[in-house]
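Single-structure report; data block below.
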Amino acid sequence: MTLADEAKPGREAERLTQFQLQGNAAECYEQWVVPFITGPWVPPLLDLVELRAGDRVLDVACGTGVVSRLAARRVAPGGTVTGLDLNEGMLSVAGRLPLPPGLTIDWRQGSALALPFADQAFDVVVCQHGVMFFPDRLKALNEMRRVLTPGGRVALSVWTGPSPYFTTQREGLARYVSAEAASTSAVAFSLGDAAELGGLLKGAGFRDVVVHLVRMTLRLPAPEDFLLRHLSALPPAELIAAAGGETRAALIAHMKEATRAYVDGYGLAVPQEGNVATGRVAA
C-alpha cells in the first residue's frame, strides 16, 4: 500500500463531513434538496438580516444559489450579490439558472476560511446551513467579519436538531449502509445549541448577537419517491449506490415504517426547527 492509498480514507472522511459533492450530485441537489429541504428557510434568513435596496451581499457556501437569487431581488435596485462556494459543481449549476432581467450574481469559487475579498467589501454576509460543515468555524466567522463594513450585518442559519425524517434517515444509513454514510447527517445537526452558535459570533467580534428560533413543517414526497433522490444529492451518494439494490430497498422500507405517523395526503409533513443567528460589526 502506498502513502497515497493510506491517505484516501482521511480525504473521503473530509469530503463527507465538509459537504463536498461528486458527479452530478449538484444537479440533484438543485432538483431534490432546494425545493423541499433548504428553499423554505430562505425567506426567514433574509427577513432577519433586514436586507434593503443597495446592500452589497455575500452568500457564503451558496450551493446552487437559492439564497443568492432571492437576495438579488431584495437588494435591487443598486445592490449586488456575490455567491461563494468551495464546490465547482454547485457553482456551475448556479450559473446556469436564469435570473429576472436586470439582475446579476457574481459566482466565485473559494473557501470560507480564506474569503477572496478585500476588507470591508460587503454590507451583509449570509450563510445558510453551511457553518456546521466548516473545519474551523471561528476562523470562518472572523473572515466574515473582516469583509464586512463597519455596522455590517451577518446572519447564519443552522438546524437545531434532526427532524423525524432526518433522524430516521441517519439511523437507516448507519444500519444498512455504513457509519461513514451517516456521517454527513450527523455533522449537519452538530451546531444545534443556540448558546454555542451565539458564542461563536461573539467570539469572532460580532455585537448585538441574537439567536432566533424558526419552526416550520417540511412537506416532503413519500419516502419511496423521495429518499433515494434526496440521498443522490448528498456526499455519501456513491456509498449508497454501491450498497446494492437490496440494501436500498431495506433503507426505503425502514424510512416508510419509521415515518408512518407523518404521512398526509401529499407525502410527509415533518416538523423541523432551525436557528438563525444575527449580529453586527461595530460601527
| said: Taking Val187's backbone N and O only, do any of them form a donor-acceptor pair with Ser190's side chain (distance below 3.5 Å, no angle check)? | reply: yes

| query | Would you find a donor on one side and an acceptor on the other, under 3.5 Å apart, between the side chain of Asn87 and the backbone of Met90? | reply | yes

| task | Any chance you could measure Asp225, atom CG, to Ile252, atom CD1, to the nearest 0.5 Å? | result | 9.0 Å

| Side chains of Phe117 and Arg108: does their closest heavy-atom pair fall under 4.5 Å? | yes

| request: Is it possible for you to say whether Phe133 and Leu84 belong to one hydrophobic cluster, with membership spreading through side-chain heavy-atom contacts below 4.5 Å? | output: yes

| task | Taking atom OH of Tyr262 as the centre, report whether more than 12 heavy atoms of other residues, nucleotides or ligands fall under 6.0 Å from it. | result | no

| Under 4.5 Å between side-chain heavy atoms, hopping through other hydrophobics if needed: is there a path connecting Trp107 to Leu99? | yes

| field | Ser163: side chain to side chain donor-acceptor pair (under 3.5 Å) partners, not counting sequence neighbours | value | Gln272

| note | Taken to the nearest 0.5 Å, the spacing of Arg280 CZ from Leu201 CG works out to 13.0 Å

| field | Phe122 and Thr82, any side-chain heavy atoms less than 4.5 Å apart | value | yes

| field | Closest approach of Met144 to Phe134 (non-hydrogen atoms, all atoms of both residues) | value | CE-CE1, 4.0 Å

| query | When clusters are formed by joining ILVMFWY residues with side-chain heavy atoms under 4.5 Å apart, either directly or through shared neighbours, do Met216 and Val67 land in the same one? | reply | yes

| said: According to a hydrophobic-cluster definition based on side-chain heavy atoms being under 4.5 Å apart (Ile, Leu, Val, Met, Phe, Trp, Tyr only), do Val210 and Leu213 belong together? | reply: no

| task | Could you check Val42, Val276, Leu46 and say which one makes a side-chain contact (heavy atoms from CB on, under 4.5 Å) with Val126? | result | Leu46

| query | Around atom CD of Glu88, are there more than 12 heavy atoms of other residues, nucleotides or ligands at under 6.0 Å? | reply | no

| request: Determine yes or no for a side-chain-to-main-chain donor-acceptor pair under 3.5 angstrom, with Arg73 supplying the side chain and Arg69 the backbone. | output: yes

| Minimum-distance pair of heavy atoms, taken over all atoms of Leu197 and Val211 | CD2-CG1, 4.3 Å

Check: residues 149-157 side-chain donor-acceptor pairs under 3.5 Å, at least two apart:
residue	atom	partner	partner atom	Å
Arg153	NE	Val49	O	3.3
Arg153	NH2	Val49	O	3.4
Arg153	NH2	Glu50	O	2.7
Arg153	NH2	Asp55	OD2	2.9
Ser157	OG	His129	N	3.3

| note | Scanning both residues in full, the closest heavy-atom pair of Ala72 with Leu103 reads O-CD2, 3.6 Å

| field | Heavy-atom side-chain contact between Thr167 and Glu171 under 4.5 Å | value | yes

| field | Asp47 and Arg74: CA distance, side-chain angles, deciding distance, salt bridge (Lys or Arg N to Asp or Glu O under 4.0 Å) verdict | value | CA-CA 10 Å; Asp47 289 346; Arg74 293 200 180 188; 2.7 Å; yes

| said: Going by side chain to side chain donor-acceptor pair (under 3.5 Å), name the residues that satisfy it together with Thr247, two or more places apart in sequence or in a different chain. | reply: none

| said: Ignoring hydrogens, what is the shortest heavy-atom contact between Leu251 and Gly172? Give both atom names and the distance. | reply: CD1-C, 3.4 Å

| task | Working to the nearest 0.5 Å, report the span between OG1 of Thr259 and NE2 of His254. | result | 9.0 Å

| query | Should Val125 and Leu115 be marked as a side chain to side chain contact (heavy atoms under 4.5 Å, CB included) after you check the CA-CA gap, both sets of side-chain angles, and the distance that decides it? | reply | CA-CA 11 Å; Val125 172; Leu115 294 175; 5.9 Å; no

| said: Could you measure the distance from the CD1 atom of Ile37 to the CG atom of Leu220? Nearest 0.5 Å is fine. | reply: 5.0 Å

| message | Tell me whether the rings of Phe189 and Trp159 are parallel (<30°), tilted (30 to 60°) or perpendicular (>60°). | response | tilted

| field | same_hphob_cluster(Val66, Phe36) at 4.5 Å side-chain heavy-atom cutoff | value | yes

| said: Is any side-chain heavy atom of Thr80 closer than 4.5 Å to one of Asp106? | reply: no

| query | Considering all heavy atoms of both residues, which atom of Ala94 and which atom of Gly65 are nearest to each other, and what is their separation? | reply | CB-N, 4.3 Å

| message | Would you say that Tyr176 contacts Arg248 through its side chain, given a criterion of any heavy-atom pair below 4.5 Å between the two side chains? | response | no

| task | Give the minimum heavy-atom separation between Glu143 and Leu113, together with the two atoms involved. | result | CG-O, 3.5 Å

| query | How are the rings of Phe166 and His230 set relative to one another: parallel (under 30°), tilted (30 to 60°) or perpendicular (over 60°)? | reply | perpendicular

| field | Leu91 CG to Ile105 CD1 distance, which is reported to the nearest 0.5 Å | value | 11.5 Å

| task | Determine whether Leu234 and Gln169 make a side-chain contact, defined as any pair of heavy atoms from C-beta on separated by less than 4.5 Å. | result | yes

| query | Donor-acceptor pair, Arg229 side chain versus Trp32 backbone, under 3.5 Å? | reply | no

| With distance as the sole test, does Arg137 use its side chain to make a donor-acceptor pair with the main-chain N or O of Met132 at under 3.5 Å? | yes

| Tyr165 versus Leu268: any side-chain heavy-atom pair under 4.5 Å? | yes

| Between Asp85 and Cys62, is there a donor-acceptor pair closer than 3.5 Å when you use the side chain of the first and the backbone of the second? | yes

| said: So Met255 and Glu224, do their side chains get closer than 4.5 Å, heavy atoms only? | reply: no

| query | CG/Leu45 to OG1/Thr38 distance, rounded to the nearest 0.5 angstrom? | reply | 11.0 Å

